Amino acid sequence: MATYKFEAMDTSGGEVKDSIEAPSEEDAQQKIRAMGYFVTRLTEVAAKKKKDKGKKADARRKKGKVMTIGGVSTKQLVTFTRQFSTLQDAGLPVLRSLKILEGQMKPGTLKNALIDVVDDVESGSTLSESFGKHPKCFDRLYVNMVKAGEAGGALEVILRRLAEFKEKAQSLARRIKGAMVYPCVVIFVAVSILAFIMIFIIPKFEKIFEDFRMTLPWITTMLIGTSRWFVRFWYVLPLFPVAIWLILKLIRLNRAGAYILDKIKLSLPVSGQIVEKTVVARTMRTLGTLIASGVPILEALSIVRETAMNVVFEEAYQRVYESIREGETIAQPMKESRLVDDMVVNMIDVGEETGDLDSMLNKIADVYDEEVDVLVESLISLLEPIMIVVLGFIVGTIVIALFMPLLALLEGLSNAGKK
């Protein structure tokens, strides 16, 4: 018989700390539930032999750590959260669930984090505290929802909500990225073809014109000058996107610069609406999920402000935060920001009045997700004719610039032949 220390919640929500003897963790869990308690923490009071075995197991487990760079993919985190939720639904203790998931996981950043989480939980730390030590894997949203689940004794429900939230966010990002693949490929191919013409084709025409000592039209002179620049500085072309990216990054280091950039981004036709509705969908779903999970409203708004990833919206949510702290509503500062439609403001207002704010926020997110899909399709259908017109103009200019002197040359040769 082993002795287990446990912390649990009774039916009235009070905290209970005690110890119990049982052959295994599962038996201890069942005995505690039979007493009418909901277990929040269960730790074995190990004997000396068991401690030695545990140290050996820890050493073996820590050997599974590998050197890693970067964070964890959303897909990997969603899979882990969904599996963790299933194990908790099945009634397994948190520690055993973590060990099972850590054991079956491939080496990487998440496995390294879980090895440390298992050690921390075994040492008596809460799950949320352990997750909080690994921000590359578990962000503030994740940690706070797990913390709320531990406090409310509904960890499996919270994990299920987290998995659903992450899945929807991943699905939206995947749809937007997938929709932008086609225009990006077309633009890349067009730029490659134009670079080839400038570097290899136009110099040959230039040599012909020089051999005949022709006086060239201004448009041809400009084209040849551009071609010379391409031939001499072709290696600069790939640096243009990098340079633009670095300049934007430098501007974003300043709060005012970041605000201006985000304001411009929101003002762009079609793409600005996509950015706006994507941010609204993400933040509304985040806020709804946090409120439904029992996270305090001020803490939830603080997290939402960080997940906006747009300075204009961050300032709007900061005003909402201050409004709530002063005892006012969410709807009024949202209306004053003029960043969201009246429908959003009205639905939030109704949600606050009826006490059903979380479901209203999730409905808003669902509506905006659908609108983002429609706008992305509209953007693609708009980009296609724009790309055709731009490419047609560029190719037409090149053709005219080359054929004007060629026609003059043919005309001159024809006149010379008649004489």
Side-chain angles (χ1 to χ4, degrees), residues 70-71 74 135-136 138-145 165-166 168-170 172-173 175-177 180 241-291 295-326 328-345 347-348 357 361-362 364-365 367-369 371-372 375-376 379:
T74 306
K136 284 186 177 180
F138 310 104
D139 54 22
R140 278 188 67 199
L141 168 70
Y142 203 105
V143 172
N144 277 277
M145 284 188 67
F165 171 80
K166 293 284 184 183
K168 286 182 179 178
Q170 185 188 24
L172 178 61
R175 289 199 301 271
I176 293 172
K177 287 177 183 176
M180 295 308 294
V242 177
I244 292 168
W245 181 79
L246 285 173
I247 290 167
L248 293 176
K249 279 285 183 185
L250 288 171
I251 293 172
R252 281 196 167 277
L253 292 176
N254 181 275
R255 182 79 177 178
Y259 183 90
I260 291 168
L261 284 178
D262 286 337
K263 193 74 176 173
I264 293 170
K265 196 188 295 182
L266 291 170
S267 302
L268 295 172
V270 185
S271 63
Q273 291 182 38
I274 292 174
V275 172
E276 176 195 323
K277 292 184 184 298
T278 302
V279 174
V280 172
R282 181 173 59 248
T283 53
M284 292 295 109
R285 195 177 301 285
T286 304
L287 185 58
T289 305
L290 288 167
I291 291 171
V295 176
I297 185 66
L298 289 176
E299 181 65 26
L301 283 168
S302 178
I303 295 168
V304 166
R305 188 176 59 218
E306 292 179 7
T307 59
M309 293 185 289
N310 184 290
V311 179
V312 179
F313 274 91
E314 283 175 19
E315 294 195 359
Y317 284 117
Q318 178 61 32
R319 289 193 290 272
V320 174
Y321 179 92
E322 291 166 1
S323 172
I324 294 294
R325 193 170 57 185
E326 292 169 5
E328 297 177 9
T329 64
I330 297 175
Q332 188 57 34
M334 288 297 287
K335 185 178 181 179
E336 290 170 359
S337 70
R338 296 182 181 178
L339 290 172
V340 294
D341 299 337
D342 290 339
M343 178 199 74
V344 174
V345 175
M347 288 182 74
I348 291 173
L357 182 59
L361 291 170
N362 283 314
I364 292 168
V367 170
Y368 270 58
D369 280 347
E371 289 188 13
V372 167
L375 284 169
V376 168
L379 180 62

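The analysis underlying the following values was restricted to heavy atoms, covering all of them including side chains, and did not include hydrogens, waters or symmetry mates. All values reported here derive from a predicted model rather than from experimental measurement.
Across Ser323 and Thr329, no two heavy atoms sit closer than the pair OG-O, 2.8 Å. Taking every heavy atom of both residues into account, Phe138 and Val143 meet most closely at O-CG2, 3.9 Å. What you find for Ala365 and Ala281 is that their closest heavy atoms are CB-O, 3.5 Å. Pairing each heavy atom of Phe165 with each of Arg282, the nearest pair is CE1-O, 4.4 Å. When all heavy atoms of Asn310 and Val279 are compared, the pair lying nearest together is CB-CG2, 4.4 Å.
Here CD of Glu276 is found 12.0 Å from CG of Leu268. Values are rounded to the nearest 0.5 Å. For the atom pair Met334 CE and Leu339 CG, the distance stands at 7.0 Å (nearest 0.5 Å). To the nearest 0.5 Å, atoms CD1 (Ile330) and CD1 (Ile324) are separated by 4.5 Å. In this structure, CD1 in Ile348 is found 8.0 Å from CG in Leu287, a value given to the nearest 0.5 Å. Note: Leu250 CG to Trp245 CH2 = 9.5 Å, rounded to the nearest 0.5 Å. With values rounded to the nearest 0.5 angstrom, Thr278 atom OG1 is found 11.0 Å from Glu371 atom CD.
Lys263 pairs by the salt bridge (Lys or Arg N to Asp or Glu O under 4.0 Å) definition with nothing, not counting sequence neighbours. Glu328 pairs by the salt bridge (Lys or Arg N to Asp or Glu O under 4.0 Å) definition with nothing, not counting sequence neighbours. Remark: Arg285 engages Asp366, Asp369 in a salt bridge (Lys or Arg N to Asp or Glu O under 4.0 Å) (not counting sequence neighbours).
Annotation: salt bridge (charged side-chain N to carboxylate O under 4.0 Å, His left out) contacts involving residues 244-253, sequence neighbours excluded, comprise Arg252-Asp262. Residues in residues 316-326 take part in no salt bridge (charged side-chain N to carboxylate O under 4.0 Å, His left out) pair, two or more places apart or across chains. Residue pairs meeting the salt bridge (charged side-chain N to carboxylate O under 4.0 Å, His left out) criterion with at least one partner in residues 333-343, sequence neighbours excluded, are Lys277-Asp341.
Residues Thr289 and Asn362 are in side-chain contact: their nearest non-hydrogen atoms beyond the backbone lie under 4.5 Å apart. Counting heavy atoms from C-beta outward, Met343 and Val367 have side chains that approach closer than 4.5 Å. Here the side chains of Met284 and Tyr368 are not in contact, with every heavy-atom distance at 4.5 Å or above.
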For the pair Leu266 and Phe313, evaluate side chain to side chain contact (heavy atoms under 4.5 Å, CB included) and give the outcome as yes or no after the intermediate values. CA-CA 10 Å; Leu266 291 170; Phe313 274 91; 4.1 Å; yes
Show, in sequence, the C-alpha distance, side-chain angles and deciding distance for Ile303 and Glu299, and conclude whether the side chain to side chain contact (heavy atoms under 4.5 Å, CB included) test is met. CA-CA 6 Å; Ile303 295 168; Glu299 181 65 26; 4.0 Å; yes
